[in-house]
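In what follows, every chain begins at residue 1, and chains take the letters A, B, ... in the order their sequences are listed. We use all heavy atoms of the structure for the numbers below, so side chains are in, but hydrogens, waters and symmetry mates are not.
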Amino acid sequence: HLYLGAPQQLEENLLISQIGDFLGKNDLSVDSYDFKRVYRYFRERGEVISPSFDLFTADYLLSPSSAGGSLAEIAGRYLDWLPPEYTGKESEEEVEKISMMASSRVAAIMEMKDSMEERLKVEELLDLYLEIERPMAKILAEMELEGIGIDIEGFEETARAFRKELRKIEEKIFSIAGTNFNINSPAQLSEILFEKRGLKPLRKTKKGFSTAEDVLQKLSKFDPLPEHVLDYRHYQKLNSTYVEPLPKMADNDRGRLHTSFNIAGTATGRLSSSEPNLQNIPVRSKEGGLIRKSFIPSPNSVFLSADYSQIDLRVLAHLSGDEGLRESFIKGEDIHRATAARVFDLDEKEVTDEMRKRAKAVNFGIVYGISGWGLSKNIDMTPKESEAFIKKYFERYPGIKDYMDKTLDGVKEKGYVKTILGRTRHFPEIKSKNYVRRGLAERAAINTPVQGSSADIIKKATVELAA
DNA sequence: GGCTCAGTCACTCG
DNA sequence: TCACGAGTGACTGAGCC
């Protein structure tokens, strides 16, 4: 506490080391609102603590769609009173006042613990909590603290190259357009494309005409400008999202990046990552590769990448029990090629690249809770053709169709779906009279057991790997 | 006039 | 009119001082 006349206070590191000693000697573990944060706090000061109850993680399993809230928000779901929220200005407040606040928050955690653990048990989430999610919190804390090394020089070099490229493309665009404008503004770009150059808008947004990637690609057949804009956007995106900000976010002492892994960041059981998001570092383009290259292992170390192949489709094969899909995986076939062969009634050798591409799109679509309209948007087909394509797919993979129907029946009856390890997600919108909302819920309900079970498996492997 | 904030659009990843 | 799940940056308009 920093206010004028604040009483003498204990030295922080001494206090933490004494608490650490006390917990260690008595073999005690800690109840907390957010164990990952508390663990990180102690770990930074040289103490290792163990979790007893992690309210944040427990709440996530009980209500994954609304989780991630503050202590008071969570308490709103379990208590008939609300603990106070910290504001970040606690050090300016009187010691007595803050100690009352802290006590009140501790009381809230203690009061929620028993009822939440009981609910985890009743809803058959306790094993998932004890064996997967709670251990994950500690692992993630360690990963966040460890961070990842980056080559700051490498980033700066890439930034120089990208800025130069951007200036070149910008010049081309302005010369073709005959005027300078803000390429990053969809409104200004629309004016140039659809008024000045008379191109035909293909789609509307809420505010005007769409200039999205697929639109610009189609327009590039009629005009040279859209392709340059796409080129510009590619470099601009990589530069402004990754190349320029990432080196600035490295810690001062070691030059490493420390993300936050958000335990309750998704409704399906996956993790999310933020500040910076290290789960969407570019990989698909050549320029993206330059960015990946600037992530570097520690001296005398290497990066080891261990990844499940086609985990979502593989999980779908398991959940549905579909013979054809299972067989393809058991035989270790190229899964998209195998799908193409089945759907187009061909030998695998006869499958063309275009057929494989379409089959791949259908496989993705299936996992996302396919619709003819959605598929047609992704591959060059009319919604009608897509419908026929999907129908054919279901004829060839009847187990998948069966599984999807049963999943929908189940969610309509019970209001929720479950993953392999019992992770649950509720879908109140499944009863909506609005068919857009209902459709969204239906597709998400089909996707969640697949995406969520994949998350279960990856987390289980992570816990076992860290043990 | 300058600032913050939220919504929109676009694009990155699995 | 929507593919499933995320997060971030730039722009823009609204509200505030």
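For DNA chain B, the residues of residues 362-391 of chain A within the heavy-atom distance limit of 4.0 Å (strictly under) are A/Y368, sorted by number. Proximity of residues 192-222 of chain A to DNA chain B (heavy atom under 4.0 angstrom from any strand atom) is restricted to A/T205, A/K206, A/K207, A/S210, A/T211, A/A212, A/E213.
If you check every strand for non-hydrogen atoms under 4.0 Å, A/D312 touches nothing. When heavy atoms are screened at a 4.0 angstrom cut-off, A/S454 is found touching no nucleic acid atom at all. Residue contacts shown for A/V283 are limited to sugar-phosphate atoms, with no base heavy atom under 4.0 Å away. Heavy atoms of A/N280 sit under 4.0 angstrom from at least one base atom.
A/Y129 and A/D54 form no side-chain donor-acceptor contact under 3.5 Å, judged by distance and modelled atom types alone.
Salt bridge status for A/R163 with A/E244: present, with a side-chain N to carboxylate O gap under 4.0 Å. Of the charged side-chain nitrogens involved, none lies within less than 4.0 Å of a carboxylate oxygen, so that A/E131 and A/K460 do not count as a salt-bridged pair.
Annotation: ring-ring contact (aromatic ring centres under 6.0 Å, His included) contacts involving residues 400-424 of chain A, sequence neighbours excluded, comprise A/Y416-A/H426.
Judged by the 6.0 Å distance and 45° axis criteria, A/R160 is not positioned over the aromatic ring of A/F155. In this structure, A/K138 fails the cation-pi test against A/Y39, since its NZ or CZ atom is not both closer than 6.0 Å to the six-membered ring centre and inside 45 degrees of the ring normal.
Checking each of A/R37, A/K36, A/H258, A/R43 against A/E144 for a side-chain hydrogen bond (donor to acceptor under 3.5 Å, both in side chains) leaves exactly one that passes, namely A/K36. Screening A/T266, A/T259, A/N262 for a side-chain hydrogen bond (donor to acceptor under 3.5 Å, both in side chains) involving A/S272 leaves a single residue, A/N262.
Under the side-chain contact (heavy atoms from CB on, under 4.5 Å) criterion, A/Y232 pairs with A/L166, A/I169, A/E170, A/I173, A/I183, A/N184, A/Q236, not counting sequence neighbours. Among residues two or more places apart in sequence or in another chain, the salt bridge (charged side-chain N to carboxylate O under 4.0 Å, His left out) test is passed with A/E354 by A/R358. Among residues two or more places apart in sequence or in another chain, the ring pair (Phe, Tyr, Trp, His ring centres under 6.0 Å) test is passed with A/Y33 by A/F56. Under the ring pair (Phe, Tyr, Trp, His ring centres under 6.0 Å) criterion, A/F194 pairs with A/F209, not counting sequence neighbours. In this structure, the ring pair (Phe, Tyr, Trp, His ring centres under 6.0 Å) partners of A/F344, at least two apart in sequence or on a different chain, are A/F389. Applying the salt bridge (charged side-chain N to carboxylate O under 4.0 Å, His left out) test to A/D251 and every residue at least two apart in sequence or in another chain returns nothing.
Annotation for A/G422 and A/L128: closest pair C-CD2, 4.5 Å, computed over non-hydrogen atoms.
Look at the P atom in both C/dC2 and B/dA10: the space between them is 14 Å, to the nearest Å.
Two residues, A/S240 and A/R425, neighbour DNA chain C, and the one matched to the more 5' nucleotide by heavy-atom proximity is A/R425.
With the 3.5 Å cutoff on both pairing distances, Watson-Crick and G-U pairs in DNA chain C assemble into runs of at least 3 at B:1-14 with C:4-17.
Nucleotides of DNA chain B that come within less than 4.0 Å of any heavy atom of chain A span, from the 5' end to the 3' end, B/dT8 to B/dG14. Contact footprint of chain A on DNA chain C: nucleotides with an atom under 4.0 Å from a non-hydrogen protein atom, first to last in 5' to 3' order, C/dT1 to C/dT12.
To the nearest 0.5 Å, atom NE2 of residue A/H234 and atom CG of residue A/L238 are 4.5 Å apart.
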